[in-house]
Amino acid sequence: MNEYVIADDLEVMLREALAHLAVEGIMLWGFWELFMTRDNAHLVNAEGDINEAKNRFLALKQKWLSHSHAHVDEQGHFNFRGFYETYNVEAVTPLKKIAKTFLLDKGDSPMVVPIDL
């Protein structure tokens, strides 16, 4: 089977699964070709080289990391979208840096995290 077709299938599955609100995570079980019981299910071949499916997985992982850098707006707001997880925020002013940790949890409304500058 074509490794690009396998990579397309993996990417579609990961995107669809993580888009569903009930999905909290995905575990990929097994990576190396020599330990897989199904043909064409590996991300790393017998020689240790990664295939297109692994490249696609790594690209999605990098894209989905919740890192953001920007300036606050005129009202002092900074908006971003993130996954449900714990975030470390560092607000930098000309005089000081303020660190704050918060948990973005499930909910229907936007979350407001006050940071006292």
How long is the gap from [atom1] on [X] to [atom2] on [Y], to the nearest 0.5 Å?
X: Leu43; Y: Asn51; atom1: CG; atom2: CG; answer: 6.0 Å
X: Ile50; Y: Leu58; atom1: CD1; atom2: CG; answer: 5.5 Å
X: Ile98; Y: Thr93; atom1: CD1; atom2: OG1; answer: 5.0 Å
X: Leu14; Y: Leu60; atom1: CG; atom2: CG; answer: 6.0 Å
X: Met36; Y: Asn45; atom1: CE; atom2: CG; answer: 13.0 Å
X: Arg56; Y: Leu10; atom1: CZ; atom2: CG; answer: 8.5 Å

Quick one: closest heavy-atom pair of Lys63 and Arg15, and the distance?
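So the minimum-distance heavy-atom pair works out to NZ-NH2, 3.7 Å.
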Minimum heavy-atom distance between Phe78 and Val72, given as atom pair plus value:
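That closest heavy-atom pairing would be CB-CG1, 4.1 Å.
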Residues forming a side-chain contact (heavy atoms from CB on, under 4.5 Å) with Val92, sequence neighbours excluded
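In terms of side-chain contact (heavy atoms from CB on, under 4.5 Å), with neighbours along the sequence ignored, Val92 is linked to Glu90, Lys97.
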Residues 33-42 vs side chain to side chain donor-acceptor pair (under 3.5 Å), sequence neighbours excluded, gives none
What I'd like to find out is whether the side chain of Ile115 reaches to under 4.5 Å of the side chain of Val89, using heavy atoms alone.
yes
For residues Met111 and Leu104, determine if any side-chain heavy atom of one lies less than 4.5 Å from a side-chain heavy atom of the other.
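They are in contact (side-chain heavy atoms under 4.5 Å apart), so the answer is yes.
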Any donor-acceptor N/O pair, Glu3 side chain to Glu52 backbone, under 3.5 Å
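Here the side-chain-to-backbone pair exists.
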Under the rule for ring-ring contact (aromatic ring centres under 6.0 Å, His included), what residues qualify as partners of Tyr87, not counting sequence neighbours?
Phe80, Phe102
